[in-house]
Amino acid sequence: MPSILPSAVLAKRRYALLSSLRAQGMTVVEGGEGQPGDTFLVAEDEAIAAPARTIVVGDAGRRLERPGNGLPTRIAFGPEDGAVGNGFMRALLAGAGMPTAADPESLALFTLAERVAQADITVLINGPTGTGKEVLARAIHANSARADKPFIAINCAALPEAMLEALLFGHQKGAFTGASSGGEGFFRAADGGTLLLDEIAEMPLQLQAKLLRVLQEREVVPLGASLPQAVDVRVIACANRDLQAEVAAGRFRADLYYRLAVFPLTTKALAERRGDIPALAATMILRHAGSRSTIPWPTAEAIETLVEHSWPGNVRELENVIQRALLFAGGDTIEASHIVFDRPMVANDVDLSSAAQPAVPATLGKVVQMSEFAAIRETLAACGGSRMETARRLGISERTLRYRLAKAREQGEDVGLPGRKALSA
């Protein structure tokens, strides 16, 4: 990774900034001469030798100006804007695959992930949807000896169930109807590198047994083939459901769970790591600011508004909010009034009177679940009961839809068409 070379003046003035960059895994070298690709940090009143590789850091006001016409990148912020300013600096200096973290627990998680990356073992990442599981997986790959080999991410819930085996393990010509040519499959495509299996809980039980064999034997048997083919792949699996609970319910193989969970990691909901929010906001502002020469800077009130939100949609919701704020902010400042959150989903056709409802605590999980059931019910009605079209509109697989329908029935929810019996799974 390229180094960051602060001048002696800047190192004295900006000790907290340099400490923050070091905490995020960046290489800060004081007094170095620099190599191609390194970035220089200087104070506003210092000479600039290489503008294209220099960031000028000021102390007054709050601003971020992109480089252009032979001028360097310029940023200025005081201690009161340190969280956002440090976030902008991280985004300016980090590579495309470097994760954003500022909360102590997140920093500890990525530090642990760096250590895990050095050991060529299978990793299981648990965490709610939209909390950065794939970002963590990519960080593991980037810090491993496999970094220069392929990183292939697939979503097990998004692939057609009938084709999942062929897509994973490959197939020979004529192995099934329509197989006019052979296919290597994701495992062989990722040979030497890393294969991310996202939403692993959605994988059918029959296929779980075949995946277990691949992990144990380090070889795949393509559909239609009689001889196995060796593969050298590191597998990282992600799940947004508790796999141990899935094992207990008979929906996930225990032997596969223990094969995957050699080293389990867990990402937390954004609301549980609020220290990440200013840094994530800065990264997303820089990412979505388009061609603006001066990047809009969020006020302290805007950041406070973001930090106090509950974030049911986690990092994905935050990105929506930031893109919206950039649209509303016509000038160089993002005000609190520019922060517009996603409209909370409310279950329709539900009698919320105390007489009609059982005494169940209105937990966040219960509210989200009720909203999910309502969304499925409305979409089913709009699609005339077609599960295929319902799954397509909701952006999930038919298998996931069946699971959600079964879960709804278990809890006594009718998500069938109005006036009809609930659809069977």
Quick check: closest heavy atoms across [X] and [Y], and the distance to 0.1 Å?
| X | Y | result |
| --- | --- | --- |
| Trp297 | Ile75 | CZ3-CG1, 4.0 Å |
| Ala119 | Arg234 | O-NH2, 2.7 Å |
| Ala282 | Phe88 | O-CE2, 3.4 Å |
| Cys156 | Leu164 | O-CD2, 4.3 Å |
| Ser144 | Ala117 | CB-O, 3.3 Å |
| Ala190 | Ile152 | N-CD1, 3.7 Å |

Is it true that atom [atom1] of [X] has more than 12 heavy atoms of other residues, nucleotides or ligands lying nearer than 6.0 Å?
| X | atom1 | value |
| --- | --- | --- |
| Glu105 | CD | no |
| Glu80 | CD | yes |
| Arg115 | CZ | no |

How long is the straight-line distance from [atom2] of [Y] back to [atom1] of [X], given to the nearest 0.5 Å?
| X | Y | atom1 | atom2 | result |
| --- | --- | --- | --- | --- |
| Leu17 | Arg22 | CG | CZ | 10.0 Å |
| Lys133 | Leu124 | NZ | CG | 10.5 Å |
| Leu327 | His338 | CG | NE2 | 10.0 Å |
| Met89 | Leu286 | CE | CG | 11.5 Å |
| Leu197 | Ile200 | CG | CD1 | 4.5 Å |
| Leu215 | Leu256 | CG | CG | 6.5 Å |

Determine whether [X] and [Y] make a side-chain contact, defined as any pair of heavy atoms from C-beta on separated by less than 4.5 Å.
| X | Y | result |
| --- | --- | --- |
| Leu326 | Arg292 | yes |
| Ile48 | Phe40 | no |
| Gln244 | Val247 | no |
| Ile154 | Asp198 | no |
| Pro298 | Val84 | yes |
| Leu318 | Met284 | yes |
| Asn86 | Phe77 | yes |
| Leu41 | Ile4 | yes |

[X] side chain to [Y] backbone, donor-acceptor under 3.5 Å:
| X | Y | answer |
| --- | --- | --- |
| Arg66 | Ile295 | no |
| Trp311 | Leu306 | yes |
| Asn314 | Gly130 | no |
| Ser386 | Cys383 | no |
| Thr111 | Leu107 | yes |
| Arg274 | Val307 | yes |
| His288 | Ile285 | no |
| Glu246 | Arg253 | no |
| Asn143 | Glu114 | no |
| Asn126 | Pro264 | no |

**Report entry** Evaluation steps, side-chain hydrogen bond (donor to acceptor under 3.5 Å, both in side chains), between Thr305 and Glu301
**Finding:** CA-CA 6 Å; Thr305 302; Glu301 292 75 18; over 6 Å; no
Under a 4.0 Å threshold between the charged nitrogen and the carboxylate oxygen, would [Y] count as salt-bridged to [X]?
| X | Y | result |
| --- | --- | --- |
| Arg146 | Asp120 | yes |
| Glu317 | Arg324 | no |
| Arg14 | Asp59 | yes |
| Arg316 | Glu134 | no |
| Glu202 | Arg241 | yes |

Query raised in the report: Name the one of Thr54, Ile55, Leu10, Val57 that satisfies side chain to side chain contact (heavy atoms under 4.5 Å, CB included) with Val42?
Result: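 Of Thr54, Ile55, Leu10, Val57, side chain to side chain contact (heavy atoms under 4.5 Å, CB included) with Val42 is met by Thr54 alone.
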Requested in this report: For a side chain to side chain contact (heavy atoms under 4.5 Å, CB included) with Val220, tell me which candidate from Leu168, Asp191, Leu211, Val231 qualifies.
Outcome: Val231
Report task. Determine, step by step, whether Val235 and Leu196 satisfy the side chain to side chain contact (heavy atoms under 4.5 Å, CB included) criterion, reporting the C-alpha distance in whole Å, the side-chain angles of both residues, the deciding distance to 0.1 Å, and the verdict. Result -> CA-CA 6 Å; Val235 171; Leu196 172 64; over 6 Å; no
Modelled atom types, side-chain donor and acceptor of [X] and [Y], under 3.5 Å:
| X | Y | answer |
| --- | --- | --- |
| Asn240 | Thr129 | yes |
| Thr100 | Thr283 | yes |
| Glu46 | Ser7 | yes |

Requested in this report: I would like to know whether Glu199 and Asn155 meet side-chain hydrogen bond (donor to acceptor under 3.5 Å, both in side chains); could you show each step before the answer?
Outcome: CA-CA 6 Å; Glu199 295 197 46; Asn155 188 315; 3.2 Å; yes
Query raised in the report: So Ser3 and Thr27, side-chain hydrogen bond (donor to acceptor under 3.5 Å, both in side chains) or not? Walk me through it.
Result: CA-CA 5 Å; Ser3 299; Thr27 304; 5.0 Å; no
Requested in this report: Quick one: do Leu112 and Phe263 satisfy side chain to side chain contact (heavy atoms under 4.5 Å, CB included)? Show the steps, please.
Outcome: CA-CA 11 Å; Leu112 180 58; Phe263 203 102; 3.9 Å; yes
Query raised in the report: Are Thr194 and Val233 close enough, and set up right, to give a side chain to side chain contact (heavy atoms under 4.5 Å, CB included), and what steps lead you there?
Result: CA-CA 6 Å; Thr194 302; Val233 174; over 6 Å; no
Report task. Can you label the angle between the Phe151 ring and the His141 ring as parallel, tilted or perpendicular, going by 30° and 60°? Result -> tilted
Report task. Output, in order, the C-alpha distance, side-chain angles, deciding distance and verdict of side chain to side chain contact (heavy atoms under 4.5 Å, CB included) for Thr39 and Leu5. Result -> CA-CA 6 Å; Thr39 302; Leu5 285 75; over 6 Å; no
Requested in this report: Kindly indicate whether a cation-pi arrangement holds for Arg259 with Phe252, taking the cut-offs as under 6.0 Å to the six-membered ring centre and within 45° of the axis.
Outcome: no
